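From a predicted model like this one, the values you see are computed outputs, not experimental measurements. A note on names: the letters A, B, ... follow the listed sequences, proteins ahead of strands, and every chain is numbered from 1.
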Amino acid sequence: VKRPDPADASPRGQADGDPHATLADFHEPKPRPQSPMTLPDLATKYDPSAIERAIYDRWIEAGVFTAQVDTEREPYVIVIPPPNVTSVLHMGHGLNNTLQDVFIRYRRMTGREALWLPGTDHAGIATQNIVERALASEGRRRQDLGREQFVERVWAHVRETGGSIIDQLKALGCSCDWSRTRFTFDDAYSTAVRRVFVHLHREGLVYRGHRVIHWCPRCLTSLSDEEAEFRERDDHLYYIRYPFVGSGDRDGAVVATTRPETMFGDVCLVYHPDDDRFAGLRGATVEIPLSKVPIPIEQSTAVEREFGTGMLKVTPAHDANDFDIAAALPGDYGTPAIMTDDARMADDPRVPKALRGLDRDEARQRILDLLKAAGLLVKVDPYGHAVRHCYRCHTVVEPRLSDQWFVKMRPLAQPALDAYRDGKLTFVPDRWGKVYEHWLTEIRDWNISRQLWWGHRIPAWYCEADGCDHITVAMEPPGACEQCGGPVRQDDDVLDTWFSSWLWPFATMGWPDRTPDLARFYPGHTLVTGPDIIFFWVARMVMAGYYFLDERPFDTVYLNGIVRDPQHRAFSKSLGNGIDPLEVVESYGADALRFTIVAGAGAGTDVIMDRTDLDATFAAGRNFANKLWNAGRLILSQLGDAPPPIDALDPSDLTLADRWILSRCQRAVQEATLALERFRPNDAANVAYHFVWDELADWYLEQVKPRLYGSAKGTAVAQAILVSVFETSLRLLHPVMPFITEELWAHLPGERAALLAGAEWPRPEDELIDEMAESEFALVQAIIGAVRTIRAEYRVPLSTEVRTVVTIASDTARRGVAAEHATIERLAKLSELAVDEATAGVGGHAVLPDGSAVFVALGDAIDVAQECTRLRGEMERLERQLTEVAAKLANEQFVARAPSDVVEREREKESSWREQSETLAAKLHALGC
RNA sequence: GGGCGAAUAGCUCAGGGGUGCAGAGCGCCUGCCUUACAAGCAGGAAGUCGGGGGUUCGAAUCCCUCUUCGCCCACCA
């Protein structure tokens with residue numbers, strides 16, 4: 001260790017221009033500083049429930065969430081993904097809405113005219129299911145009530161849950177503009193939906209189609225492709241012989257199928273024209289087993305020769321592919337339907353009498369038994385495949401031939417695709433953009449009619465006059481058929497929920513009218529939602545936005561993750577593993593919930609929460625809120641009246657710690673701002689957290705106490721710095737923790753915005769960074785750390801008077817330490833820390849950030865033998881490092897190719913370590929080891 | 001069948017376009033009720049960054065491959 005320059009010796013503090021410190025201060029025992037002021041009326045522990053409600057009311061009263069139409073400010077708009085009115089919110093909503101609130105509060109503070117438009121979704125099939133389930137528990141079905149009464153019943157449910165949802169959002173602190181709350185079933189919104197249907201129909205983009213769609217036999221409705229989701233299933237592949245007519249069942253064509261129960265709807269068998277195994281069979285006739293209905297054998301290139309037997313049964317009414325295959329065949333084979341809408345075997349001459357009325361699963365079993373008995377079941381193989389299920393009730397979907405309304409998607413998809421490819425629409429994280437792109441590229445027409453009662457009734461009227469099959473599509477009920485004047489009957493069906501929610505970004509703003517809101521707040525900016533509805537909702541909103549307003553509805557799609565339990569299962573009602581956000585808000589406060597969820601969730605990463613240990617799950621947020629609260633209590637109690645603004649301070653009055661904390665604060669501002677701009681709210685939260693806890697509370701507050709309590713000079717300066725730094729901290733944390741920051745803000749002295757929610761975001765300014773102060777204070781921290789480590793290792797109690805001697809290698813470090821004499825005592829919790837040339841005694845050393853070493857001696861308090869062991873360990877470590885670095889420097893390739901500063905750093909390391917090693921050797925020698 | 005993502009400390013996760021990057025929170029160990037905070041303070045242990053191979057002066061980081069999980073898409077019935 002390099003010896004300090006004696007010329008530079010005591011009184012070092014004064015030599016370095018620190019007006020407050022003298023070496024003598026450290027050797028004079030003095031009374032503990034007493035806090036001259038009393039703490040304000042803030043509880044020792046942060047109690048969120050005591051303040052949250054009142055704070056929310058103040059925001060509402062002040063109208064800070066209400067977006068203005070007539071301001072100069074640039075708008076910033078988020079539309080909420082409207083929660084379904086099926087039930088109250090779960091933790092997934094907690095995550096989603098907290099993120100939106102962070103984004104909107106941040107932009108509001110940066111001076112944008114921020115609009116967060118809230119609302120709810122009528123959620124057709126989902127809500128209808130909930131109410132039907134409630135009815136079922138009363139032993140009734142919707143048919144017992146009739147359409148009108150049933151819808152009234154749903155409304156009653158919706159009014160209840162819709163209100164709860166809004167209360168929940170408020171409890172979370174969401175800064176929505178409640179004056180603009182919308183519901184996808186509002187009258188005005190319904191008008192927009194009808195308008196879209198009518199318009200697209202006129203343009204030929206909505207049409208009536210006759211084809212095989214996905215049908216949920218439990219919900220009794222058709223579903224779109226997206227609503228029929230795949231699930232893997234362990235199934236079987238049944239090999240069934242279709243006997244040639246007149247062969248007496250002994251000879252026939254063997255077909256492999258997973259669905260024997262559909263066989264009565266077969267119209268033919270097909271094989272690939274190039275398949276030699278079946279050469280010449282074309283035109284032959286086989287009988288459907290059991291029903292003995294004769295069907296021909298045909299050829300189709302759609303057949304995969306490798307699969308099964310290479311012979312495929314064609315059931316056009318019960319399989320979409322078969323429908324296409326049959327349609328492509330030369331003859332007309334018809335489309336016999338042999339199942340009812342609730343998936344039972346139909347009362348149809350094609351179905352053997354014994355099977356009629358059985359549901360599809362029972363029927364399958366019976367058929368297999370019968371086939372086996374008849375010797376026609378050749379083989380059964382286990383077969384795993386993906387089967388479509390209803391996304392609402394998880395019943396296996398039944399392909400069903402029917403008439404439905406469809407949207408022609410290709411023309412709508414193109415602009416949405418271009419927007420992504422041209423960079424007008426970005427996804428965070430980016431990989432979801434590819435998912436979006438792929439879906440749009442492979443897009444198929446959208447079945448939008450649902451055989452439900454809860455939803456937007458399709459504005460189509462069928463003519464009931466004989467000989468007229470005209471369909472009148474209109475905004476309002478036509479009195480008569482527009483073609484023949486005959487009587488009309490409205491379509492019984494309703495529209496897919498998503499056919500209304502795809503209009504959300506503009507139908508909520510009054511479209512199709514040219515409202516001021518629409519002019520001002522469309523297009524919007526950020527959409528925050530889950531990746532599971534990219535197809536259902538995100539892509540379709542983009543399509544609708546371009547089609548009807550010729551502009552994207554938002555520029556960035558931020559995809560949040562999914563909240564899961566410790567077994568990584570998504571929260572669900574059936575598993576009962578969910579966490580009620582309100583319960584968490586009550587126990588730990590909205591801010592604790594918000595902080596935990598934001599800090600713990602990067603874009604697109606799932607969040608794991610354990611309902612069995614809420615304390616641990618929300619500890620980070622709860623503990624931090626309490627820390628901030630208590631730091632606030634200390635600071636607020638010490639500010640007196642209004643300290644001067646920091647601009648008014650004489651820079652020469654600032655201590656190293658002052659300059660350091662100001663610089664660190666500025667760095668936090670820069671990093672948090674950058675993080676939010678880049679849609680990294682977790683980074684922003686963590687930056688603010690570490691600044692407040694690790695730097696402001698752990699170091700600055702400790703070191704500033706003597707000045708605050710009047711035992712050191714410069715009280716006013718310290719107060720000014722404190723108020724400035726704390727105020728900035730509150731601003732930085734406000735988007736994530738709005739309640740506690742707002743409450744503390746209210747206690748700050750001096751002139752500033754009345755509400756933090758409406759205050760300005762701190763402006764990042766490079767010139768406020770003080771690199772010198774940062775590096776010097778880092779030395780101070782390193783030295784104190786070394787002292788603490790040694791003190792802890794040797795169990796030197798704080799009550800023991802110990803002379804601590806620090807020898808520092810570099811001038812920089814010496815200056816840093818000397819400047820901090822006056823304040824170091826408290827922060828180090830040492831009885832004394834002195835700087836001296838004498839390096840006598842035993843102790844330990846630490847390497848400082850600048851590569852120099854510090855040796856800390858603790859006088860007589862230490863056992864020599866113990867110290868020798870310790871020093872030997874140090875020595876070994878040093879030698880290992882030295883060998884490594886020497887080998888590196890001996891490597892010619894490294895020296896030649898690595899960047900020069902890297903090589904230089906290695907050299908510095910080597911010389912520094914070599915010096916340390918020599919010093920250590922001397923110490924060991926001196927101690928007689 | 002195609003595609004995507006993940007694998008880092010006991011748990012949950014950051015990081016990762018080469019060189020002071022081996023990190024955070026929780027948990028654990030030790031000592032402290034120090035007049036803001038025991039929801040705290042100080043100190044500490046703990047990971048061959050999933051396995052293998054490659055490129056390079058240098059790989060947790062880039063490439064290949066394997067394994068294990070998860071997700072999405074898909075007309076082999």
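- Scanning for side chain to side chain contact (heavy atoms under 4.5 Å, CB included) contacts around A/His385 gives A/Asp235, A/Thr258, A/Tyr383, A/Val387, with sequence neighbours left out.
- With salt bridges taken as basic N to acidic carboxylate O contacts below 4.0 Å, one links A/Glu261 and A/Arg364.
- Listed nucleotides: B/A36, B/C57, B/C76. Nearest to the side chain of A/Gln893: B/C57.
- B/A74 atom C1' lies 8 Å from atom NE2 of A/His438, rounded to whole Å.
- Contact annotation for A/Ala697: base contact, defined as any heavy-atom pair under 4.0 Å involving a base atom.
- Judged as a ring pair (Phe, Tyr, Trp, His ring centres under 6.0 Å), and not counting sequence neighbours, the contacts of A/Phe595 are A/Phe624, A/Tyr689.
- Closest to the A/Asn626 side chain, of the nucleotides B/A36, B/C76, B/C37, is B/C37.
- Under the ring pair (Phe, Tyr, Trp, His ring centres under 6.0 Å) criterion, A/Phe536 pairs with A/Tyr391, A/Trp498, not counting sequence neighbours.
- Residue-level contact check: A/Ala386 touches the bases, meaning some heavy atom is under 4.0 Å from a base atom.
- Between A/Glu306 atom CD and B/G1 atom C1' the separation is 14 Å, expressed in whole Å.
- Comparing the C1' positions of B/C49 and B/G40 gives a spacing of 32 Å, expressed to the nearest Å.
- Closest to the side chain of A/Arg897, out of B/C76, B/U56, B/C4, is B/U56.
- Applying the side chain to side chain contact (heavy atoms under 4.5 Å, CB included) rule to A/Lys379 yields the partners A/Tyr239, A/Asp381; only residues at least two apart in sequence or on another chain are considered.
- Between B/A24 and B/A9, the two C1' atoms lie 11 Å apart (nearest whole Å).
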So which protein N/O to nucleotides 23-30 of chain B N/O distances come out below 3.5 Å?
residue, atom, partner, partner atom, Å
B/U30, O2', A/Arg795, NH1, 3.3
B/U30, O2', A/Arg795, NH2, 3.2

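- Among the heavy atoms of the strands, none lies under 4.0 Å from A/Phe595.
- Whole-Å rounding puts the A/Leu639 CG to B/A36 C1' distance at 13 Å.
- Between the side chain of A/Glu702 and the base of B/A36 there is at least one donor-acceptor pair of N/O atoms closer than 3.5 Å.
- Here B/A77 is the nucleotide among B/A39, B/G5, B/A77 with the atom lying nearest to any side-chain atom of A/Thr258.
- Legend: residues meeting side chain to side chain contact (heavy atoms under 4.5 Å, CB included) with A/Arg305, ordered by chain and number and at least two apart, are A/His272, A/Asp274, A/Asp275, A/Arg277.
- Within 4.0 Å (heavy atoms only), A/Val314 reaches no atom of the nucleic acid at all.
- Looking at A/Asp47 and A/Trp629, their side chains never come closer than 4.5 Å, going by heavy atoms from C-beta outward.
- Taking atom NE2 of A/His385 as the reference point, atom P of B/C76 lies 12 Å away to the nearest angstrom.
- In this structure, the NE2 atom of A/His236 is 15 Å from the P atom of B/A77, given to the nearest Å.
- Nearest nucleotide to the A/Lys627 side chain, out of B/C75, B/U56, B/C37: B/C37.
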Let me have a per-nucleotide readout for nucleotides 10-16 of chain B, 5' to 3', with B, S or -, counting only protein heavy atoms under 4.0 Å.
--SSSS-

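- Scored by the side chain to side chain contact (heavy atoms under 4.5 Å, CB included) test, A/Leu674 finds A/Arg678 as partners (sequence neighbours excluded).
- On the C1' atoms, B/C32 is 15 Å away from B/C37, given to the nearest whole Å.
- Between B/G52 and B/U8, the distance separating the two P atoms is 15 Å to the nearest Å.
- Separating the C1' atom of B/G10 from that of B/G1 is a span of 40 Å, rounded to the nearest Å.
- Between A/Glu398 and A/Arg259 there is a salt bridge, since at least one side-chain N of the basic residue sits less than 4.0 Å from a carboxylate O of the acidic one.
- When distances are taken from the side chain of A/Arg444 to each of B/A74, B/A77, B/C37, the shortest belongs to B/A74.
- Considering only residues two or more places apart in sequence or on other chains, A/Phe427 meets the ring pair (Phe, Tyr, Trp, His ring centres under 6.0 Å) condition with A/Tyr420, A/Tyr436.
- Nucleotides B/C57 and B/C62 place their C1' atoms 16 Å apart, quoted to the nearest Å.
- Scanning RNA chain B for stems, defined as runs of 3 or more consecutive Watson-Crick or G-U wobble pairs whose donor-acceptor distances all fall under 3.5 Å, gives the following ranges: B:1-7 with B:67-73, B:10-13 with B:23-26, B:28-32 with B:40-44, B:50-54 with B:62-66.
- Contact check for A/Val435 versus A/Trp432: side-chain heavy atoms found under the 4.5 Å cut-off.
- A donor-acceptor pair is defined here as one N or O able to donate and one able to accept, closer than 3.5 Å; no such pair exists between the side chain of A/Thr315 and the backbone of A/Asp266.
- For A/Thr44, whose side chain is taken as the heavy atoms from C-beta onward, the closest listed nucleotide among B/C37, B/A39, B/C41 is B/C37.
- Shown here are the side chain to side chain donor-acceptor pair (under 3.5 Å) partners of A/Arg388, two or more places apart in sequence or in another chain: there are none.
- Listed by chain and number, the residues in a ring pair (Phe, Tyr, Trp, His ring centres under 6.0 Å) with A/Trp446 are A/Phe499, A/Trp502 (sequence neighbours excluded).
- The distance between atom CG of A/Leu696 and atom P of B/C41, rounded to the nearest whole Å, is 13 Å.
- For A/Phe535, the side-chain atoms get nearest to B/C73 when compared with the rest of B/C73, B/A77, B/A42.
- Nearest nucleotide to the side chain of A/Asn630, out of B/C75, B/C37, B/C72: B/C37.
- Rounded to a whole angstrom, the distance from the P atom of B/G23 to that of B/C28 is 22 Å.
- Atom NZ in A/Lys313 sits about 13 Å away from atom P in B/A77, given to the nearest Å.
- The 5' end of RNA chain B is approached more closely, in terms of each residue's nearest nucleotide, by A/Lys434 than by the other of A/Lys434 and A/Trp439.
- To the nearest whole angstrom, the two C1' atoms, one in B/A59 and one in B/U19, are 11 Å apart.
- The residue among A/Leu701 and A/Gly308 whose nearest nucleotide of RNA chain B is located toward the 5' end is A/Leu701.
- A/Glu437 has its CD atom 14 Å from the C1' atom of B/C4, to the nearest Å.
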